[in-house]
2 protein chains.
Amino acid sequence: MLDSLKIPTIAISRLSVYARHLALLEGNGEEVISSGGLADMCGVNPAQIRKDLAYFGEFGVRGVGYYVKELLFEIRKILGADKEWRLGLVGVGNLGSALLRHAPFSDRGYIFVAAFDKKPGRIGKKVNGIPIEPLEAMNHVIQEKGIEIGVIAVKPDLAQSAADMLVRAGIAGILNFAPVQIQRPSHVCIENVDFSLKLDVLCYRLTSDVGR
Amino acid sequence: MLDSLKIPTIAISRLSVYARHLALLEGNGEEVISSGGLADMCGVNPAQIRKDLAYFGEFGVRGVGYYVKELLFEIRKILGADKEWRLGLVGVGNLGSALLRHAPFSDRGYIFVAAFDKKPGRIGKKVNGIPIEPLEAMNHVIQEKGIEIGVIAVKPDLAQSAADMLVRAGIAGILNFAPVQIQRPSHVCIENVDFSLKLDVLCYRLTSDVGR
DNA sequence: GTATGTGAAACCGTTCACAGCA
DNA sequence: TGCTGTGAACGGTTTCACATAC
């Protein structure tokens, strides 16, 4: 147990995967799982799971395994997934609208409470019950509604200025769907979702067909 | 130059990023760029760029740098992005519809030519000019339209069977938006786009606020 | 006996530093 | 001189193997 002295991001994303599978096990009424059993489900090495967990504590019972409910609870606590997160969307186009309606988000405690767009024609309309506000309202709305995470779904050329506005409004966490590198102050966290890049990788594999 | 003897996936995704920035440079009329200059734009180490390129050949001129147009052309060739790719979508819900309308895909040579859904109410309708077909038509349509890549945008519990159907229809490349591990024969390539996972990582960072 | 927690080894990707070449 | 291409050094993650605990 080393606590937060350099925990690799990839270990965190694995925790998210473990949580997903633990939730399935819990739904099936399973009470106990071994690192080997969970590893098979997640497609990783058992030692990997034990090492990942060891960053944060000792959650298992030797000779037995892990109690599903308990481990799931602990991982959710580690990830910060044991609370509701309030999201604000910038860019209510095709993708943005789909995100506002994306049920799995709210199911998991990620709630969109505001949306912003620059097109006058969109202002005032509602998507999935969420009113679309003008960009100028961002500062005020983000403060008022206690928004903690900004989601960027604008076109690439507007992504940087959208990020700048979010940062100016006090946002410290951004989920960015635009295929651009966003510049930001060091206290702001960004995660990128870049599906053009994934498509490129896929096509590379298909082209150089080495299988896999 | 080692050719395809173990090229890490992460190197491939960096090539995609390099291509993006080279396209910008080309648009600005720049003719030559050094690994250092490109590295600054992409936020990586110059040696990294040279190493990544060295997997595939020698594309630069010592003492000069890389010719923008030429390098872009070569990287596109490596990635297989120098041709059109025909995509088929499974699951025309919120996200699926957004993907069908996603302009940046077609701009880059990724063309949706078919869409499939299980809901009878959706069959026969068109989204962005693409008719929605029943799942049963998948085999036939995929053959007929020469679809090479399947895009999965169904709910998690249906993702595996969607993948199975695609594979049975002869698809070898899948872009999966469902937050599940898909099982598949070893000749089938899958890339996952998992934004719940990215949100979890972001929330971890915000929770354990180590900045960054 | 069985499965965890963990130091040590193996592996892999990144960065350095410099030789090679325009 | 300047920048690429690359072997060698470095750093970090994964896997092994076993002591430890139930």
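All chains are named by letter (A, B, ...) in the order of the sequence lines, taking the proteins before the strands, and each is independently numbered beginning at 1.
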Asker: If I take atom CD in residue Glu31(A) and atom P in nucleotide dA3(C), what distance separates them, rounded to the nearest angstrom?
Answerer: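 Rounded to the whole Å, the gap is 17 Å.
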Asker: Once you round it to whole Å, what is the distance between P of dT4(D) and CG of Leu71(B)?
Answerer: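 Interatomic distance, CG of Leu71(B) to P of dT4(D): 10 Å.
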Asker: Could you list the residues that satisfy side-chain contact (heavy atoms from CB on, under 4.5 Å) with Val167(A), not counting sequence neighbours?
Answerer: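 Only Ile174(A), Pro185(A), Val188(A) meet the side-chain contact (heavy atoms from CB on, under 4.5 Å) criterion with Val167(A).
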Asker: Please report the distance, rounded to the nearest Å, between CD1 in Ile33(B) and C1' in dC3(D).
Answerer: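 For the pair Ile33(B) CD1 and dC3(D) C1', the rounded distance is 12 Å.
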Asker: How many Å lie between NZ on Lys6(B) and P on dG13(C), as a whole number?
Answerer: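 Roughly 8 Å, once rounded to whole Å.
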Asker: Name the closest nucleotide to the Ile10(B) side chain, picking from dG5(C), dG5(D), dT14(C).
Answerer: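 The closest nucleotide is dT14(C).
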Asker: What nucleotide, of dT4(C), dG13(C), dT15(C), holds the atom closest to the side chain of Asn45(B)?
Answerer: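 Of all the options, the side chain of Asn45(B) is nearest to dT15(C).
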Asker: Could you state the CG-C1' distance from Leu38(A) to dA3(C), rounded to the nearest angstrom?
Answerer: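 Spelled out: CG on Leu38(A) to C1' on dA3(C) is 14 Å.
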Asker: Between Gly63(A) and Phe59(A), who's closer to the 5' end of DNA chain C by nearest nucleotide?
Answerer: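 Taking each residue's closest nucleotide, the earlier one in sequence belongs to Gly63(A).
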Asker: Of Val61(A) and Asp52(A), whose nearest nucleotide on DNA chain D comes first from the 5' end?
Answerer: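 Looking at DNA chain D, the more 5' nearest nucleotide goes with Asp52(A).
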Asker: What pairs of residues pass the salt bridge (Lys or Arg N to Asp or Glu O under 4.0 Å) test when at least one of them lies in residues 78-91 of chain A, not counting sequence neighbours?
Answerer: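 Those involving residues 78-91 of chain A are Lys83(A)-Glu148(A).
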Asker: Would you check if the distance from the ring center of His102(B) to the ring center of Tyr110(B) is below 6.0 Å?
Answerer: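 Aromatic pair excluded; centres sit 6.0 Å or further apart.
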Asker: Report yes if a side-chain nitrogen or oxygen of Arg50(B) is closer than 4.0 Å to either non-bridging phosphate oxygen (OP1 or OP2) of dT15(C); otherwise report no.
Answerer: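 So the side chain of Arg50(B) is outside the cut-off, no N or O lying under 4.0 Å from OP1 or OP2 of dT15(C).
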Asker: Examine dG5(D): is either OP1 or OP2 under 4.0 Å from a nitrogen or oxygen in the side chain of Tyr66(B)? Give yes or no.
Answerer: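 For dG5(D), OP1/OP2 do have a side-chain N/O of Tyr66(B) under 4.0 Å.
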Asker: Is there a side-chain polar atom (N or O) of Gln48(B) under 4.0 Å from OP1 or OP2 of dT15(C)?
Answerer: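 Yes, because at least one side-chain N or O of Gln48(B) sits under 4.0 Å from OP1 or OP2 of dT15(C).
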Asker: Which of the following nucleotides, dT6(C), dT4(C), dT4(D), is nearest to the side chain of Ala47(A)?
Answerer: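 Looking only at heavy atoms from C-beta outward on Ala47(A), the closest nucleotide is dT6(C).
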Asker: Whole angstrom is fine here: how far is it from CD in Glu58(A) over to C1' in dA3(C)?
Answerer: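 After rounding, the reported distance stands at 13 Å.
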Asker: So, are Arg20(B) and Asp194(A) salt-bridged, with charged N and O less than 4.0 Å apart?
Answerer: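 A salt bridge is present here (some side-chain N lies under 4.0 Å from a carboxylate O).
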Asker: dT6(C) base to Lys51(A) side chain: any donor-acceptor pair below 3.5 Å?
Answerer: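 A donor-acceptor contact between them is absent.
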Asker: Should the pair Asp164(B)-Arg184(B) be classified as a salt bridge under the 4.0 Å nitrogen-to-oxygen rule?
Answerer: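 No salt bridge links Asp164(B) with Arg184(B).
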Asker: Within less than 4.0 Å of OP1 or OP2 of dA19(D), is there a side-chain N or O belonging to Arg62(A)?
Answerer: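 So the side-chain polar atoms of Arg62(A) never come under 4.0 Å of the phosphate oxygens OP1 or OP2 of dA19(D).
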Asker: Measure OH/Tyr55(B) against C1'/dT6(D) and give the value in whole Å, please.
Answerer: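 Going from Tyr55(B) (OH) to dT6(D) (C1'), I get 12 Å.
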Asker: Between Ser35(B) and dT4(D), is there a contact of a side-chain N or O with OP1 or OP2 at under 4.0 Å?
Answerer: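 For Ser35(B), the contact criterion (side-chain N or O under 4.0 Å from OP1 or OP2 of dT4(D)) is met.
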Asker: Just the rounded figure in Å: distance from P of dG5(C) to CG of Leu53(A).
Answerer: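 Whole-Å distance recorded here is 7 Å.
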